Engineer: 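Input: one structure, supplied below.
Note that the structure is predicted; figures quoted are calculated from it, not measured.
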Amino acid sequence: GATNTTAVGIIPANSQIVDVILNVTTVSNDGGAATVKIGHAGDDDEYLPATSVKGSPATTRGTIGADGTDIGTSDQTVNAIYTAANGNGNAGAATVTILYIQNNNLA
């Protein structure tokens with residue numbers, strides 16, 4: 001249905017993100033465009049820019065920015081943001097997987 005933000009998980013401080021995976025298992029049936037982007041409060045598409053979830057079910061790997069791999073000294077909540085053009089859909093499903101190495105501070 002409507003645009004929504006979902007907390008995917010919390011990455012511990014001093015970790016290094018090595019991969020982000022969006023696996024769409026049921027495509028969105030919104031009447032308009034529908035996308036998912038993955039990031040955090042400071043940069044909502046740091047790990048995956050807005051990616052269509054309207055086509056065939058698919059797996060998409062993130063494009064982590066150089067500054068995004070280092071979590072830093074504070075835990076970081078990773079969010080998936082679903083944006084629906086019309087907000088009239090009632091189907092769609094996806095999973096987000098974040099792979100990280102704990103205690104691998106890059107700073």
Side-chain angles (χ1 to χ4, degrees):
T3 296
N4 191 27
T5 299
T6 301
V8 174
I10 298 173
I11 307 301
N14 301 316
S15 295
Q16 175 190 4
I17 292 181
V18 294
D19 203 0
V20 176
I21 304 162
L22 172 66
N23 185 27
V24 178
T25 54
T26 304
V27 298
S28 171
N29 67 349
D30 187 81
T35 62
V36 169
K37 60 185 173 179
I38 302 169
H40 54 85
D43 188 347
D44 67 4
D45 65 352
E46 177 83 52
Y47 306 126
L48 182 73
T51 301
S52 176
V53 291
K54 292 280 292 182
S56 299
T59 299
T60 304
R61 295 199 103 101
T63 52
I64 303 168
D67 62 332
T69 61
D70 183 18
I71 295 303
T73 59
S74 299
D75 293 354
Q76 184 178 95
T77 300
V78 176
N79 297 311
I81 301 168
Y82 170 73
T83 303
N86 295 341
N88 61 356
N90 61 7
T95 56
V96 174
T97 303
I98 309 290
L99 303 175
Y100 65 92
I101 301 169
Q102 196 167 355
N103 292 322
N104 194 36
N105 191 6
L106 299 176

Engineer: Return the minimal non-hydrogen interatomic distance between T63 and P49, and the atom names on each side.
Structural biologist: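 Minimum heavy-atom contact is OG1-CD, 3.2 Å.
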Engineer: Give the C-alpha distance, both sets of side-chain angles, the deciding distance and a yes or no for salt bridge (Lys or Arg N to Asp or Glu O under 4.0 Å) between D19 and R61.
Structural biologist: CA-CA 7 Å; D19 203 0; R61 295 199 103 101; 2.3 Å; yes
Engineer: Short question: side chain of D75, backbone of P12 - any donor-acceptor pair under 3.5 Å?
Structural biologist: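 Judged by distance alone, no pair lies under 3.5 Å.
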Engineer: Could you note down all residue pairs passing ring pair (Phe, Tyr, Trp, His ring centres under 6.0 Å) where residues 8-31 supplies at least one of them, sequence neighbours left out?
Structural biologist: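 For residues 8-31: none.
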Engineer: Can you tell me how far the CG atom of N103 sits from the OG atom of S15, to the nearest 0.5 Å?
Structural biologist: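 Spacing of CG (N103) from OG (S15) equals 6.5 Å.
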Engineer: Does any N or O in the side chain of D45 come within less than 3.5 Å of the main-chain N or O of G39, such that one atom is a donor and the other an acceptor?
Structural biologist: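 The answer is no, because no donor-acceptor pair under 3.5 Å joins these two groups.
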Engineer: Donor-acceptor check, side chain of K54 to backbone of D30, threshold 3.5 angstrom: yes or no?
Structural biologist: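 Looks like yes, one N/O pair under 3.5 Å.
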Engineer: Quick one: which of T59, V8, I21 gives a side-chain contact (heavy atoms from CB on, under 4.5 Å) with T97?
Structural biologist: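 Of all the options given, the one that passes is I21.
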Engineer: Side chains of N14 and N104: is there a donor and an acceptor less than 3.5 Å apart?
Structural biologist: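 There is no such pair between these side chains.
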Engineer: Following the transitive rule for hydrophobic clusters with a side-chain heavy-atom cut-off under 4.5 Å over Ile, Leu, Val, Met, Phe, Trp and Tyr, establish whether L48 and Y100 coincide in one cluster.
Structural biologist: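 They do share one cluster, since a chain of ILVMFWY contacts under 4.5 Å joins L48 to Y100.
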Engineer: T69 vs V18, test: side chain to side chain contact (heavy atoms under 4.5 Å, CB included). Steps then yes/no.
Structural biologist: CA-CA 7 Å; T69 61; V18 294; over 6 Å; no
Engineer: As an exercise, state the distance from CD1 of I64 to CG of D70, rounded to the nearest 0.5 Å.
Structural biologist: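 If I round to the nearest 0.5 Å, the distance is 12.0 Å.
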Engineer: Rounded to the nearest 0.5 Å, what separates atom OG1 in T60 from atom CG in N23?
Structural biologist: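 Here the rounded value is 8.5 Å.
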Engineer: Is a side-chain donor or acceptor of S52 paired with a backbone partner of T35 at a separation under 3.5 angstrom?
Structural biologist: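 Such a contact is absent between S52 side chain and T35 backbone.
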Engineer: Determine whether D44 and K37 make a side-chain contact, defined as any pair of heavy atoms from C-beta on separated by less than 4.5 Å.
Structural biologist: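 The answer is yes; the side chains approach within 4.5 Å.
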Engineer: To the nearest 0.5 Å, tell me how far I98 CD1 sits from L22 CG.
Structural biologist: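 Answer rounded to 0.5 Å: 9.5 Å.
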Engineer: Tell me, with the steps shown, if I17 and L99 meet side chain to side chain contact (heavy atoms under 4.5 Å, CB included).
Structural biologist: CA-CA 6 Å; I17 292 181; L99 303 175; over 6 Å; no
Engineer: Tell me the closest heavy-atom pair linking G32 and N86, and the distance in Å.
Structural biologist: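 For G32 versus N86, the nearest heavy atoms are N-ND2, 3.1 Å.
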Engineer: Do Y82 and S28 pass the side-chain hydrogen bond (donor to acceptor under 3.5 Å, both in side chains) test, and can you show the C-alpha distance, the side-chain angles, and the key distance before you say yes or no?
Structural biologist: CA-CA 10 Å; Y82 170 73; S28 171; 2.9 Å; yes
Engineer: Is any side-chain heavy atom of V27 closer than 4.5 Å to one of V53?
Structural biologist: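 Of all side-chain heavy-atom pairs linking V27 with V53, none is under 4.5 Å.
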Engineer: How close do I71 and A13 get, counting heavy atoms only, and between which atoms?
Structural biologist: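 Closest approach of I71 to A13: CG2-CA, 4.1 Å.
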Engineer: If you define the side chain from C-beta out and look only at heavy atoms, does anything of T51 sit under 4.5 Å from V36?
Structural biologist: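 In short, these two side chains do not touch, never coming nearer than 4.5 Å.
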Engineer: Run the numbers on T5 and N79 for side-chain hydrogen bond (donor to acceptor under 3.5 Å, both in side chains), then give the verdict.
Structural biologist: CA-CA 7 Å; T5 299; N79 297 311; over 6 Å; no
